[in-house]
Each structure stands twice: as C-alpha cells, then as structure tokens.
Amino acid sequence: VQLMESGGGLVQPGGSLKLTCAASPPPFHYYAMGWFRQAPGKEREGVACISRTDGNTWYADSVKGRFTISGDNAMNMLYLEMNSLKHEDTAVYYCATDRSPWCGSFYPGHRVDVASWGQGTQVTVSS
C-alpha cells in the first residue's frame with residue numbers, strides 16, 4: 001500500500017490546514033489508519049487515529065478539540081482537519097496504517113506496528 005500525504009504548508013498561529021492522505025490500493029479492511037508527527041529534535045508521536053471496524057477515533061491530548069480525523073467509506077482517502085494551530089504543532093506529519101483495528105500503534109508508549117508509512121508533509125505554524 002502506498003500512502004501519499006498532501007496539504008501541508010505555512011500557516012499563522014490560530015489558522016487552519018487540512019491534510020489529505022491518498023491510499024493506493026486501499027489498506028486491508030481492518031487496518032486502523034491515522035497520523036503521526038515528528039518535530040525537529042523530538043520523537044515521533046501519534047496524533048490521531050480512526051478504527052475502520054467501528055469508526056471510533058482517538059486523539060492525542062495535545063490536539064483534542066482542535067484536530068478532526070476522517071476518511072471516506074473505502075478509506076482510499078484519510079483526512080486531518082487542523083484548527084487553532086499553535087507553534088508547537090509544527091512538524092512533519094505522516095499518514096500510517098496500523099496492523100490492527102485498534103489504533104494501538106498511535107498510543108503513547110505503545111509498540112508501533114505500522115504496515116505502511118507515507119512520505120510526510122511539512123506543517124509550519126509561524127507568524
């Protein structure tokens with residue numbers, strides 16, 4: 001499965017961006033999908049995930065209430081709508097598929113068992 005992110009860019013604090021991840025072919029029907037990010041000098045962290053079995057979503061505490069993850073029914077496309085962006089949201093954002101339905105790879109401190117990674121898209125929040 002190839003994952004291709006787009007939609008990154010430069011935005012002022014308080015602004016919004018919408019990231020898109022195109023999957024080709026669609027991942028296995030039970031794989032959870034989501035977003036990681038990695039800021040300079042920091043470890044990669046899970047940001048948001050959506051379970052494809054029940055549609056449940058998970059968000060990192062740092063983005064709850066500001067970011068929304070969604071996808072089309074076939075999960076050919078995955079989105080991350082980011083609002084009220086802060087300087088600390090600056091990072092390279094990666095689309096990824098978990099090998100399980102449960103988003104475990106995205107949780108802090110959990111083993112990362114990702115089937116596919118995108119190449120990443122840069123998000124810079126700066127005035």
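Side chains are part of it too, since the values below use all heavy atoms of this structure and drop only hydrogens, waters and symmetry mates. The first residue of the sequence shown is numbered 1, and numbering continues consecutively from there. The structure displayed is predicted, hence computed values, not measured ones.
In terms of heavy-atom proximity, Gly46 sits nearest to Ala60 at O-CB, 3.5 Å. Heavy-atom minimum distance, Gln38 versus Arg44: NE2-N, 3.8 Å. When all heavy atoms are compared, the tightest approach of Ala32 to Ser51 is CB-CA, 4.4 Å.
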Check the pair Thr121 / Tyr93 against side chain to side chain contact (heavy atoms under 4.5 Å, CB included), numbers first and verdict last.
CA-CA 5 Å; Thr121 185; Tyr93 284 72; 4.3 Å; yes
Do Asp89 and Phe67 pass the side chain to side chain contact (heavy atoms under 4.5 Å, CB included) test, and can you show the C-alpha distance, the side-chain angles, and the key distance before you say yes or no?
CA-CA 11 Å; Asp89 295 317; Phe67 289 12; 3.9 Å; yes
Using the side chain to side chain contact (heavy atoms under 4.5 Å, CB included) rule, take Glu45 and Arg37 through it: C-alpha gap first, then chi angles, then the decisive distance, then the call.
CA-CA 6 Å; Glu45 62 174 352; Arg37 69 185 180 186; 2.6 Å; yes
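The NZ atom of Lys86 sits 8.0 Å away from the OG atom of Ser62 when rounded to the nearest 0.5 Å. One distance of note links CG of Leu3 with SG of Cys21; it measures 4.5 Å at 0.5 Å rounding. Here the straight-line distance linking atom NZ of Lys18 with atom OG1 of Thr20 works out to 6.5 Å at 0.5 Å rounding. A distance of 9.0 Å separates CZ of Arg52 from OG1 of Thr97, quoted to the nearest 0.5 Å. To the nearest 0.5 Å, atoms CD1 (Ile50) and CZ (Phe106) are separated by 11.0 Å.
There is a path of hydrophobic side-chain contacts, each under 4.5 Å, that joins Val114 to Val92. Linking ILVMFWY residues whenever their side-chain heavy atoms come closer than 4.5 Å, directly or via other members, leaves Tyr94 and Leu19 in distinct clusters.
Taking the six-membered ring for Trp and the full ring otherwise, the centers of Phe36 and Trp117 sit less than 6.0 Å from each other. Annotation: Tyr107 is in aromatic contact with Trp58 [ring centroid separation under 6.0 Å].
With a 4.5 Å cut-off on side-chain heavy atoms, Leu17 and Leu85 count as touching.
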Side-chain donor-acceptor pairs under 3.5 Å in residues 74-83, sequence neighbours left out?
residue, atom, partner, partner atom, Å
Asn83, OD1, Ser16, OG, 2.8

For residues 5-15, dump all side-chain donor-acceptor pairs below 3.5 Å to protein atoms at least two apart in sequence or in another chain.
residue, atom, partner, partner atom, Å
Glu5, OE1, Gln119, N, 3.0
Glu5, OE1, Gln119, NE2, 3.4
Glu5, OE1, Gly120, N, 2.9
Glu5, OE2, Cys95, N, 2.7
Glu5, OE2, Gly120, N, 3.3

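Remark: the backbone N or O of Ser84 is paired with a side-chain donor or acceptor of Arg66 at under 3.5 angstrom. Proximity of a side-chain donor or acceptor of Ser24 to a complementary backbone N or O of Gln2 within less than 3.5 Å is not detected. In this structure, the side chain of Asp113 does not engage the main chain of Ser105 through any donor-acceptor pair within 3.5 Å. Looking at Tyr59, its side chain does come within 3.5 Å of a backbone N or O of Ile69 through a donor-acceptor pair.
Judged purely by distance below 3.5 Å, without hydrogens or angles, the side chains of Ser126 and Thr124 never pair a donor atom with an acceptor atom.
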